[in-house]
Amino acid sequence: MTGPRVIYWFRTDLRLHDSPALKAALDLEPSAFFPIWCWDSHYVFRARVGVNRWQFLIDCQNDVSQSITKLNPKSKLFVLREPAITLLPKLFKAWKISHLVFEKDVDAYAAERDEEVKKLARDAGVEVIVKSGRTLWDSDEIVKKNGGKPTMSITQLQAAGAKIGPIEKPVPTPKSLPDPGDTPIKFNHTKPESKPDMNEPWRDDAETSFDSGIAGPNGDFAPPTLEECGFKAATTQHRGGESVILELLEERLADEDYTATFEKPKTSPAAFEPQSTFLTSPYLHFGALSCRYFYHRVDAILERRRRAKKPTSSPPASLHGQLLFRDMYFGAQAGLGWSFGQTYNNPKCRFIPWHLPSRVDVATRRSTGGYEVDDAEKEVWLRRWTAGTTGFPWIDAIMRQLRQEGWIHHLARHSVACFLTRGGCYISWERGADVFEELLIDHESACNIGNWQWLSCTAFFAQFYRCYSPVAFGKKWDDDGDYIRKYVPELKDLPKKYIYEPHKAPIQDQKKAGVMIRGDGSETEAGGLKVYPKPMFDFNSRRDICLQGMKSAYNVGFYGDNPKVLDGTWKQAFDDDAEGPTEGDKGGPGGLGSWEDADGAEGESKHDDGPEEEEEEGGRSTTKPRGHKRENSQSKLDFGKGKKKAKK
DNA sequence: CTCCGTGTTGATAGG
DNA sequence: ACCTATCAACACGGA
C-alpha cells in the first residue's frame with residue numbers, strides 16, 4: 001500500500017484540539033504519519049529565551065507527545081535536533097515523504113523561514129499544505145481586507161474581520177492517529193552555528209542539545225532537557241501543556257459570572273495565588289490552547305447569559321476583546337514585517353529620541369540587537385529596572401515577579417513599561433521589549449512589540465499625559481501592599497503607611513521592620529539588616545521631563561521611516577536641551593547619538609554629504625526656526641513647567 | 001474641510 | 001464602594 005507519507009511539522013501549535021492544519025494532514029489519510037518538531041537554532045541561540053519559557057516549551061512538547069502516544073502507542077512527537085532548513089530536505093528523502101503540513105506563522109523570522117522551506121519542498125517534489133490556525137482570522141487576510149495596511153486600531157481589526165466572516169468553529173480533536181513509518185536518520189547531522197548566542201547569560205554549562213545526534217542522547221527523539229541546554233532549573237510554578245490548560249480552562253469557565261462579565265481593566269494587577277485573570281497567554285503562545293476554541297467556549301456562555309437576561313461584558317474589555325487585540329497585533333505585524341519590531345524604518349512607529357537607542361544596520365535597515373549608551377546614568381536605570389532594584393517597591397515587585405515566575409498581569413506590564421519609557425526613564429521601548437522577550441513565558445513577538453509601542457505612545461495609543469504613578473496606581477489595587485510584601489520580602493514588615501515609599505519611613509520604623517533604606521541596590525544586607533535602595537530618581541520631576549520630551553517629539557512629528565530619521569539629520573529638529581541624545585546637529589540613524597554605533601559604510605557617506613547646509617544656524621542658538629507647531633508647543637511647555645525647571 | 005465623540009485599564013478631588 | 005468632573009489635550013473615524 002502506498003498512501004501519502006505525511007510529515008506534520010509542529011511549531012508553536014502544540015495541541016491536538018482545534019487544529020485546522022492537523023485536520024488537513026489527517027484528511028490525507030496517510031499511510032505513514034510523522035509528527036515532528038525541528039529543534040530550531042533560531043530559538044536555541046538567536047532569540048532571547050529565559051529559562052522559564054524554555055521549561056514551558058518543553059512541558060508543551062512532552063504533553064503533546066504523550067497525547068499522541070495515547071492515540072497511537074507507536075507514535076509520539078519526534079523531536080529532531082536540527083533546524084528545519086537543513087533537516088527537512090534530508091527527511092523528505094530518507095522517510096520517502098509525499099506531504100508536508102504545518103500551521104501558518106506570521107512573525108518576520110518564521111515567515112522567511114517558511115518560504116524557504118516551501119521552496120525546498122517543491123524542489124523535492126513534496127506537496128506542502130499550510131493552514132491558518134494561530135489567530136481568530138488569518139492575519140494576511142486581515143491585512144488584505146484592511147486595504148493592504150497593518151491593523152493599527154481595534155476598529156480596523158473588527159472591520160476587516162467582519163469582511164472575512166464569522167470566526168471559524170473549532171475542528172474536532174482526532175480520535176486516532178496513523179502509524180509512523182520507520183524513522184531512519186542515517187544521514188549527515190548538520191549542527192547550526194552556535195554564535196552569536198543570545199542565551200549565553202542563562203547557561204551555566206555549555207549548550208549540548210545538538211551534540212548527541214539528531215535523535216538525542218537516548219536515540220528516542222525526546223525533547224531536550226534544560227540540563228542539555230546548559231540551563232539551571234526553571235523558577236516558574238506555571239506548567240505548560242495542552243492537557244494542563246484544557247483542565248484549568250474548565251475550572252475558570254465554570255464560574256459563569258466571572259467569565260461573562262470579565263472586564264480586563266477591572267482585574268487587579270496585584271492579585272496573586274490566584275491571579276485575577278485566566279492566564280491563558282503562554283498556552284496561546286505555544287498553541288497549547290486554540291484561541292478560536294477559547295473564543296467559542298466563551299461565546300456559548302455569553303449566549304446563554306443573554307438569553308437569561310443576565311449581564312455580560314463586551315469588547316474591548318471583555319475576554320473576546322482580549323483575543324481581538326491579539327489579532328490586531330498579529331495584523332499589524334503581518335502588514336509591517338521586520339520593521340514592526342523596531343523604530344528604525346517603521347512607518348507606523350513614532351520617532352522619539354529615547355535614551356539607549358537601538359543600533360541599526362543602515363544597509364539592511366534592521367536593528368542589530370545592540371544599543372548605544374548615550375548616557376551612563378540611563379544605563380544604570382535600565383539595569384536597576386531589569387533587576388527590580390529601582391527603589392520603587394511597586395515597580396520592583398513587578399519586575400521580580402516577572403523574573404521569578406515569567407508571568408505578570410497586563411496592568412503590571414503597563415506600569416513598568418510606562419515607567420521605563422515615557423513616564424520615568426525615557427529609555428527606548430526596544431530595551432524594555434528585549435527584557436520582556438527574555439523573561440516572559442508568554443512572549444509573543446506581535447503582542448510584546450505592540451504593547452510596548454502602545455505604552456510608550458509610539459503607536460496604537462497617544463494619550464501620553466495619562467501617566468502611571470509607581471505609587472498611586474499600585475495603591476489603588478492593593479492599599480496594604482501585600483503584593484510588594486510577597487515579591488520584595490525585605491519590605492514585608494514595613495508599616496502600610498510606608499510600603500509604597502519606604503524611603504519616607506523614619507529610621508526607627510526601618511529598624512523595627514528589619515530593613516535599611518539606603519544606597520543604589522548594590523548591597524542587600526548590612527549589619528544584620530536587610531537593605532532596600534532609595535528611589536533612583538524623583539518621580540514627579542522625571543514625569544515632567546518625560547512629558548515635556550513627548551510633547552516636543554510629537555510636535556516634530558517624525559515616524560521611523562522619515563528620511564531624517566534614516567539618515568541621522570533628525571537632530572536638527574530637536575533642541576539641544578530636549579530629553580534624549582539630542583545635543584548637537586549631527587546624529588546617527590534611528591535616534592542614535594552618532595554614526596559610530598551604526599553599521600553600513602553607505603550611511604557614513606550620507607552623513608558627510610547631508611547636513612552641511614545647516615552648519616550656519618547649527619550652533620547653540622535656542623531660537624532656531626523650527627516651524628509654527630513647535631514654537632507653539634514650546635511656549636506652552638515653558639508656561640507649565642516653570643517651577644520644576646527653576647529647582648534644577 | 002471642521003466638528004465631535006470615543007478611545008482596553010491615569011490622578012485627583014469631591015459627592 | 002462607587003460615581004463624576006477636571007486636568008490638558010492626542011488620534012482616529014464618522015457625520
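All values below come from the heavy atoms of this structure, side chains included, with hydrogens, waters and symmetry mates left out. Naming: A, B, ... by sequence-line order, numbering from 1 per chain.
Here the C1' atom of nucleotide C:dC7 and the CG atom of A:Leu547 are 12 Å apart, to the nearest Å. For the pair A:Arg543 CZ and C:dC7 C1', the interatomic distance rounds to 11 Å; values are reported in whole Å. Remark: C1' of C:dC2 and CH2 of A:Trp477 are 13 Å apart, rounded to the nearest angstrom. Following rounding to the nearest Å, A:Leu157 (CG) and C:dC12 (P) show an atom-to-atom distance of 16 Å.
Scored by the ring pair (Phe, Tyr, Trp, His ring centres under 6.0 Å) test, A:Phe330 finds no partners at all (sequence neighbours excluded). In terms of the side chain to side chain donor-acceptor pair (under 3.5 Å) criterion, residue partners of A:Tyr293 (sequence neighbours excluded) are, by chain and number, A:Arg297. A search for side chain to side chain contact (heavy atoms under 4.5 Å, CB included) contacts involving A:Arg485 returns A:Asp482, A:Lys492, A:Lys496, A:Ile499, not counting sequence neighbours. With sequence neighbours left out, the salt bridge (charged side-chain N to carboxylate O under 4.0 Å, His left out) criterion links A:Asp299 to no other residue. Considering only residues two or more places apart in sequence or on other chains, A:Tyr498 meets the ring pair (Phe, Tyr, Trp, His ring centres under 6.0 Å) condition with none of them. With sequence neighbours left out, A:Tyr258 forms a ring pair (Phe, Tyr, Trp, His ring centres under 6.0 Å) with A:Phe262, A:Phe278. Partners of A:His443 by ring pair (Phe, Tyr, Trp, His ring centres under 6.0 Å), not counting sequence neighbours: none found.
Heavy-atom contacts of chain A under 4.0 Å fall on DNA chain B between two terminal nucleotides, which in 5' to 3' order are B:dG7 to B:dT12.
Nucleic acid contact for A:Gln322: base, since at least one base atom lies under 4.0 Å from a heavy atom of the residue. Among the protein residues, A:Phe325 comes within range of the nucleic acid bases, having at least one heavy atom under 4.0 Å from a base atom.
In this structure, A:Phe537 has its ring center under 6.0 Å from that of A:Phe392.
Screening residues 308-324 of chain A for side-chain hydrogen bond (donor to acceptor under 3.5 Å, both in side chains), with sequence neighbours left out, gives A:Lys264-A:Gln322.
Using the six-membered ring where Trp is involved, A:Tyr329 and A:Phe325 have ring planes that are tilted, between 30° and 60° apart. Using the six-membered ring where Trp is involved, A:Trp454 and A:Phe460 have ring planes that are parallel, under 30° apart on the 30 and 60° scheme.
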What dot-bracket string describes DNA chain C from 5' to 3', counting Watson-Crick and G-U wobble pairs whose defining distances are under 3.5 Å, with [ ] for crossing pairs and | for pairs to another strand? .||||||..||||||
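The gap from the P atom of B:dT8 to that of C:dT6 amounts to 24 Å, rounded to the nearest Å. Comparing the P positions of B:dG5 and C:dA5 gives a spacing of 13 Å, expressed to the nearest Å. Between the P atoms of B:dG7 and C:dA9, the separation comes to 22 Å (whole Å). Rounded to the nearest Å, the gap between the P atom of B:dT6 and that of C:dA8 is 22 Å.
Between the side chains of A:Asp374 and A:His355, a donor-acceptor pair is found at a separation under 3.5 Å.
Side-chain contact check for A:Ile245 versus A:Leu284: every heavy-atom pair is 4.5 Å or farther apart.
Of the two residues near DNA chain C, A:Lys266 and A:Ala462, the one whose nearest nucleotide lies more 5' is A:Lys266.
Less than 4.0 Å separates DNA chain B from at least one heavy atom of each of the following residues of residues 440-456 of chain A: A:Trp454.
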Which atoms of nucleotides 13-15 of chain C (N or O only) lie under 3.5 Å from a protein N or O atom, and what are those distances?
residue, atom, partner, partner atom, Å
C:dG13, OP1, A:Gln156, NE2, 2.7

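Using a 4.0 Å cut-off between charged nitrogen and carboxylate oxygen, A:Arg48 and A:Glu437 count as a salt-bridge pair.
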